[in-house]
Amino acid sequence: MIFNKDTAEKTAELLLQINAIKLNPKNPFTWASGWNSPIYCDNRLVLSFPPIRNFIREEFSKHIEKEFGKPDVIAGVATGAIGIGMLVAEYMGLPFVYVRPEPKKHGRQNQVEGFLQKGQNVVVVEDLISTGNSSLLAVEALKEAEVHVKGMVAIFTYGFDVATENFKKANVDLHTLADYNHLLDLAVAKNYITEKELKTLKEWRESPSTWSV
């Protein structure tokens, strides 16, 4: 669920401007999963553009407090959301931790890095939601640390049905700055794509695992 329409449109426009999101229906990308995709998203690029990263951190901060109240800790999901999560925590004046995909194999074998106390209220920051599986693994690690996860926020979601189901099953409240539908509307309005390409992009979202040109 997006926070609101205005934020979704502005965020989508900024991501397109800096090529954090690339749309290429004619020459699709190949994801690590093996899926062919007419879209590629690398939101870590926002960190290289101060005005845009400031917009992202301030929108996150404002909406986190509005939706969840001020938490005790901000948690970033490694590695993509460590940078933006830290910026949000700094802006809100809150402690920050980050969550690894799995525990370290050496040392203290931590999965959650940083100081965290049992019973604290935590909001998780993520950069991108696809199926939601890796994001929800971070939530599980935090719950194992016996903290209360108030919810998760992300810069962008593809809006896959499987992600909606995964978050519902996990009982995790997800809010995003932008989503696929608002991105496509904006991309057509600003002439990033044609109406024909819009149709292709919509078809991909219906069945991303089997889609091909």
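Only this structure's heavy atoms are used, side chains among them; waters, hydrogens and symmetry mates stay out.
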- request: State which residues pass ring-ring contact (aromatic ring centres under 6.0 Å, His included) with Phe29; sequence neighbours excluded, sorted by chain then number.
  value: Tyr40
- prompt: Are the side chains of Phe115 and Pro95 in touch, meaning some heavy atoms are under 4.5 Å apart?
  reply: no
task: Apply side chain to side chain donor-acceptor pair (under 3.5 Å) to His182 and Asp179, showing your working.
output: CA-CA 6 Å; His182 286 84; Asp179 65 4; 2.8 Å; yes
message: Testing the basics here: between Ala78 and Arg100, what is the closest heavy-atom pair and its distance to 0.1 Å?
response: CB-CA, 4.1 Å
query: With no hydrogens and no angle check, is any side-chain donor or acceptor of Asn19 less than 3.5 Å from a backbone partner on Lys22?
result: no
- prompt: Which heavy atom in Leu87 sits nearest to a heavy atom in Arg53, and how many Å separate them?
  reply: CD1-CD, 4.0 Å
- prompt: Does Ile39 reach the side chain of Ile21, with side-chain heavy atoms less than 4.5 Å apart?
  reply: yes
query: So, for Asp173 and Phe68, which heavy atoms are closest and what is the spacing to 0.1 Å?
result: OD2-CE2, 3.6 Å
message: According to ring-ring contact (aromatic ring centres under 6.0 Å, His included), who are the partners of Tyr180, at least two apart in sequence or on a separate chain?
response: Trp204
Interatomic spacing from CD1 in Ile155 to CZ in Arg44 - rounded to 0.5 Å: 10.5 Å
task: Scan residues 42-63 for pairs that pass ring-ring contact (aromatic ring centres under 6.0 Å, His included), counting only residues two or more places apart or in two chains.
output: Phe3-His63
- request: Output the rest of the hydrophobic cluster of Val112: all Ile, Leu, Val, Met, Phe, Trp and Tyr residues reachable through side-chain heavy-atom contacts under 4.5 Å, sorted by chain and number.
  value: Val73, Val77, Val97, Val99, Leu116, Val122, Val124, Ile129, Leu136, Val139, Leu142, Val147, Val149, Met152, Phe167, Val172, Leu174
message: Is the shortest side-chain heavy-atom distance between Pro71 and Ile64 below 4.5 Å?
response: yes
- request: Return the minimal non-hydrogen interatomic distance between Glu13 and Tyr192, and the atom names on each side.
  value: O-OH, 4.5 Å
message: Looking at every heavy atom in both Pro38 and Pro25, which two are closest together, and how far apart are they?
response: CB-CA, 3.6 Å
field: ILVMFWY network linking Ile84 to Ile2, side-chain heavy atoms under 4.5 angstrom
entry: no
- request: Hey, could you give me each pair passing ring-ring contact (aromatic ring centres under 6.0 Å, His included) that has a residue in residues 82-101? Not counting sequence neighbours.
  value: none
task: Decide yes or no on side chain to side chain donor-acceptor pair (under 3.5 Å) for Asp161 and Thr164, but give the supporting numbers first.
output: CA-CA 5 Å; Asp161 290 340; Thr164 302; 5.1 Å; no
field: Note: Glu9-Lys5 ion pair, threshold 4.0 Å (strictly below)
entry: yes
message: Within a 6.0 Å radius of atom CD on Glu90, are there more than 12 heavy atoms belonging to other residues, nucleotides or ligands?
response: no
message: Nearest 0.5 angstrom please: Lys26 NZ to Thr194 OG1, how far?
response: 7.0 Å
- prompt: Distance from Ser61 atom OG to Ile56 atom CD1, nearest 0.5 Å?
  reply: 11.0 Å
field: Identified side-chain hydrogen bond (donor to acceptor under 3.5 Å, both in side chains) partner of Lys62 from the options Glu65, Glu59, Glu58
entry: Glu59
task: Would you give the length of the straight line joining atom CG of Leu47 to atom CD1 of Ile18, rounded to the nearest 0.5 angstrom?
output: 9.0 Å
- prompt: Out of curiosity, Leu23 CG to Leu184 CG, how far, rounded to the nearest 0.5 Å?
  reply: 7.0 Å
statement: Cys41 and Leu128 have their tightest heavy-atom pair at SG-CD1, 3.8 Å
message: With clusters defined by side-chain heavy atoms of hydrophobic residues (ILVMFWY) lying less than 4.5 Å apart, directly or transitively, does Leu137 cluster with Ile74?
response: no
- request: Give every residue pair that meets the ring-ring contact (aromatic ring centres under 6.0 Å, His included) criterion with at least one member in residues 133-157, sequence neighbours excluded.
  value: Phe156-Tyr158
task: Would you check if Val153 and Thr176 make a side-chain contact, meaning some heavy-atom pair closer than 4.5 Å?
output: no
query: For atom NZ of Lys199, is the number of surrounding heavy atoms from other residues, nucleotides or ligands below 6.0 Å larger than 12?
result: no
field: Between CG on residue Leu14 and OG1 on residue Thr11, distance to nearest 0.5 Å
entry: 6.5 Å
